[in-house]
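Heads up: the structure comes next, in structure tokens.
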Amino acid sequence: MKKSAFLGALAATTVIAGAAMAGTLDDVKARGELICGSNTGLTGFGTPDANGNWTGFDVDLCRALAAAIFGDPTKVKFIPTTGETRFTALQSGEVDVLIRNSTWTFSRDTELALDFVAVNYYDGQGFMVKKDLGVSSAKELDGATVCIQTGTTTELNLADFFKQNNISYQPVTVADDSEAQRQFLAGACDAYTTDASGLAASRATMPDGDQYIILPEIISKEPLGPVVRHGDNNWGDVVRWTFNALLIAEEKGVTKANVAEVAASSQDEEVKRLLGVSGDMGAKIGLPNEAFKNAIAAVGNYGEVFASNIGEGTAINLARGLNALWTQGGLQYAAPFR
Amino acid sequence: MALASDVPKDSFRLSMLIYDTRYRSITIQVFVLLLVGLFLAWLLQNTAANLAARGKEFNFGFLWQRAGYDIGQQLIPYTNDSTHFRALLVGLLNTLAVAVLGCILATVLGVLVGVLRLSNNWLVSRLMTIYVEALRNVPLLLWILLTYVILSEATPQPRDFRITDEMAAAGEAPAASMILFDTVAVTNRGTNVPAPMFTRGLGMLDLGPLSINLTTLAFLIVLGGSIWAYRSLKASADATQEESGVRPTTWWQSLLIMVLPVSLLSAALGLHWEIPELKGFNFAGGILVAHSFTALLVALALYTSAFIAEIVRAGIQAISRGQSEAAFALGLRPGRTMNLVILPQALRVIIPPLISQYLNLTKNTSLGIAVSYLDLRGTLGGITLNQTGRELECMLLMMAIYLTISLIISAVMNFYNASVQLKAR
């Protein structure tokens, strides 16, 4: 009798373990807080300021998500993860969603049992060197010592690039961006390689940033985006459509400032659905109907998020480039909100 | 006693399993064993269920896939086209290299410091006390980081070694220069030392996944032979001394035995040294000993030596004063008293705790991750784990490997311990 009760409890725990994977949205609601896996500190993308408030391009997407779920962009906790720890943190359930410049690749999507639900930044891997090194192309880096963050796709791209060009290098593997910067600034490596956006962000925080140049070669495709666990499709939809909502808002000219006014007066059916005026769209994925309106009100549309964190005029000073809307020759294209 | 035989055999009742002292302990043991078994079964079942829920299967097939990443320090040939298993081996050898060199260095330093701490010289013994207390009371990780930062920040960049045409014309010297007759270059990346090269090398012996460098093997065999010959020479000298009381002069024979065969082999294989040279961004040629390796080795050796020093001191103080007084009475000088009388007896006290220090040092090599030293933790438990997403397999494999290394060290040291125990006469 006792034994069968024990075995029954055993079976129940297993079922609970299985069920916990499937209902991330319910877990988040029950907890009253979203847990977002972020970078340990990459200026412009995700970094805590002097008061411990997280800011950045990726961080704003987390805040938009919190606003969509709770109507409050502050109900989010950030867990810093390194290139090495991020996927384990996500898989183990330590974080609900990983929004931390992570590249969408085949093996991560399949073998690691993750789902990349959107691409919020189209990037590529570049190299940064000191100006007085006299190097103008990555192909001239034969024999150089290169700082590289471990656990990243860039690590593998680097090996491929040097092999294809039949040149050699000495890798110095580091855990995160700040360690890479320290080694690079101390001259322990000749070149620092990571996503071009990350290089620009690093350079913006260096004391003498104009002493360094980013080489013209972009050696890979790095579609960066939010990641969730494989198998929880509803949660994946919540993240994907919150991001899409920000894109559509930019497309339709809905901004942080005018969102309330547009919601009250717009005659555009898609905008009305987006802002929860008609269609009950939020309810279909377990969110309040005005979820996306709250998200836009909290952080602004995609263009605003880009411009305020990493766009031209900020310290990082990145052009929209591939990340312009499809209507402006870029790749950012959201499926219709219908 | 008669009472015990009075108990009728057929009177066994179930309640006796608890109330009868003859059975109680067995009952408890069986019960606890069952609980432990159930707990393990639950762990396994839970793991399997969670893996299945994530759509992951448990298998080690990834070890034979292409690794795709590069490793800075490699003691066996490795490229990014090699398998993850090969990367594991490279990491394992890097771990063992630090562990073995670390144990040797720590022992030598530790014995020296331990003995000197007992010195009658006030200054020496106090200095050694400071050494021990400072080293063992600061976390090892900090020592590793400190050593690394000193090595990488206080040394010149490779470009400082360059002599441009203008500098040559103006007769200026470069900001930094090589040391030891222009053969060794210390940069902020590592120490470039000359590499032995062979014009008539023996090549590689290919054994499937493993290949053996025959030149290295030849040297190891010759060296082993020399050591064997040296030991038999010493044994015969001992025998002569026992018999006649006079020790034959053997130093020139020992020297010949140790030096001649290796030199002959080197000459036969055409040994020459490849001196590192500044080429492009870095020194090329020679062997690059990265600062991550040096820092890890130095910090580990210094840290562990402080503990070994204390063990040695305890071992020496465990020997009764009568032993040294007897040795002095026989006219032995302090040095010989230490070497011939005290240390051999102290060893049996020293070795058991010394084993734990060796095990600690070996496991502490995994802190190399802090200075980007790609040991077993860095390759298998770091990059391979990350790129393949096989956390469970990698971690279990890594634990099994560390366990095996530790057990081997324990076994070898226990064997040695048995051989130095006091023999019953």
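Residue numbers begin at 1 in each chain, while the letters A, B, ... track the order of the sequences.
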>> So for B:Phe283, is it side chain, backbone, both, or neither that comes closer than 4.5 Å to the heavy atoms of chain A?
In response: neither
> Is there a side-chain contact between B:Phe58 and B:Leu396 (heavy atoms, below 4.5 Å)?
Replying inline: yes
>> Does any backbone or side-chain atom of A:Ser92 lie under 4.5 Å from a heavy atom of chain B? Answer side chain, backbone, both or neither.
In response: backbone
> Between B:Thr79, B:Asp81, B:Thr187, which has the largest tally of heavy atom pairs under 4.5 Å with chain A?
Replying inline: B:Asp81
>> Tell me which of these, B:Ala290, B:Gly389, B:Gly68, has more heavy-atom pairs under 4.5 Å with chain A than the rest.
In response: B:Gly68
> Which atoms of A:Arg182 come close to chain B, meaning under 4.5 Å heavy atom to heavy atom: side chain ones, backbone ones, both, or neither?
Replying inline: side chain
>> Is B:Ile71 close to chain A through its backbone or its side chain, or both, or neither, when contacts mean heavy atoms under 4.5 Å?
In response: backbone
>> I want to check something: taking the side chain as every heavy atom from C-beta on, are B:Leu385 and B:Leu380 in contact at a cut-off of under 4.5 Å?
In response: no
>> What part of A:Gln183 gets within 4.5 angstrom of chain B, counting heavy atoms only: side chain, backbone, both, or neither?
In response: side chain
>> Under 4.5 Å from any heavy atom of chain B, what part of A:Ile148 do you find: side chain, backbone, both or neither?
In response: neither
> Does the pair A:Asp237/A:Arg240 count as a salt bridge with the N-to-O cut at 4.0 Å?
Replying inline: yes
> Do A:Thr145 and B:Phe281 come close enough that some side-chain heavy atom pair is under 4.5 Å?
Replying inline: no
> What part of A:Tyr169 gets closer than 4.5 Å to chain B, counting heavy atoms only: side chain, backbone, both or neither?
Replying inline: side chain
>> So for atom CE, which belongs to B:Met399, do other residues, nucleotides or ligands contribute more than 12 heavy atoms lying within a distance under 6.0 Å?
In response: no
>> At a heavy-atom distance under 4.5 Å, which candidate from B:Gln387, B:Gln157, B:His291 has the highest pair count against chain A?
In response: B:Gln387
> Under a 4.5 Å heavy-atom cutoff, which of A:Ala188, A:Ala113, A:Gly143, A:Cys189 has the most pairs with chain B?
Replying inline: A:Ala188
> Quick one: what part of A:Thr150 sits under 4.5 Å from any heavy atom of chain B, side chain, backbone, both or neither?
Replying inline: side chain
>> Is B:Ala67 in contact with chain A via its backbone, its side chain, both, or neither, using a 4.5 Å heavy-atom distance?
In response: backbone
> Given a strict heavy-atom distance threshold of 4.5 Å, which part of A:Asn157 is in contact with chain B: side chain, backbone, both, or neither?
Replying inline: neither
> So which part of B:Asn80 gets closer than 4.5 Å to some heavy atom of chain A, the side chain, the backbone, both or neither?
Replying inline: side chain
>> Heavy-atom pairs under 4.5 Å with chain B - which of A:Ala186, A:Ala144, A:Ser107 has more of them than the others?
In response: A:Ala144
>> Using a 6.0 Å cut-off, check whether atom NZ of A:Lys29 has over 12 heavy atoms from anything other than its own residue.
In response: yes
>> Let's test your reading of the structure: which of A:Leu158, A:Leu141, A:Thr153, A:Val135 forms the most heavy-atom pairs below 4.5 Å with chain B?
In response: A:Leu141
>> So does A:Ile35 get a backbone contact from the side chain of A:Asp96, meaning a donor-acceptor N/O pair under 3.5 Å?
In response: yes
>> I need the minimum non-hydrogen distance between B:Tyr402 and B:Arg377, along with the two atoms involved.
In response: OH-N, 3.9 Å
>> Test salt bridge (charged side-chain N to carboxylate O under 4.0 Å, His left out) on A:Asp160 and B:Arg66; report intermediate values, then the result.
In response: CA-CA 12 Å; A:Asp160 290 349; B:Arg66 177 177 177 263; 3.4 Å; yes
>> Please classify the contact of A:Thr152 with chain B as side chain, backbone, both or neither, using a heavy-atom distance under 4.5 Å.
In response: backbone
> For the residue pair A:Val227 and A:Phe116, what are the closest heavy atoms and their distance?
Replying inline: CG2-CE2, 3.5 Å
> Side chain, backbone, both or neither: which part of A:Glu111 has a heavy atom under 4.5 Å from chain B?
Replying inline: both
> Does the pair B:Arg189/A:Asp190 count as a salt bridge with the N-to-O cut at 4.0 Å?
Replying inline: yes
>> I want to check something: taking the side chain as every heavy atom from C-beta on, are B:Leu75 and B:Leu96 in contact at a cut-off of under 4.5 Å?
In response: no
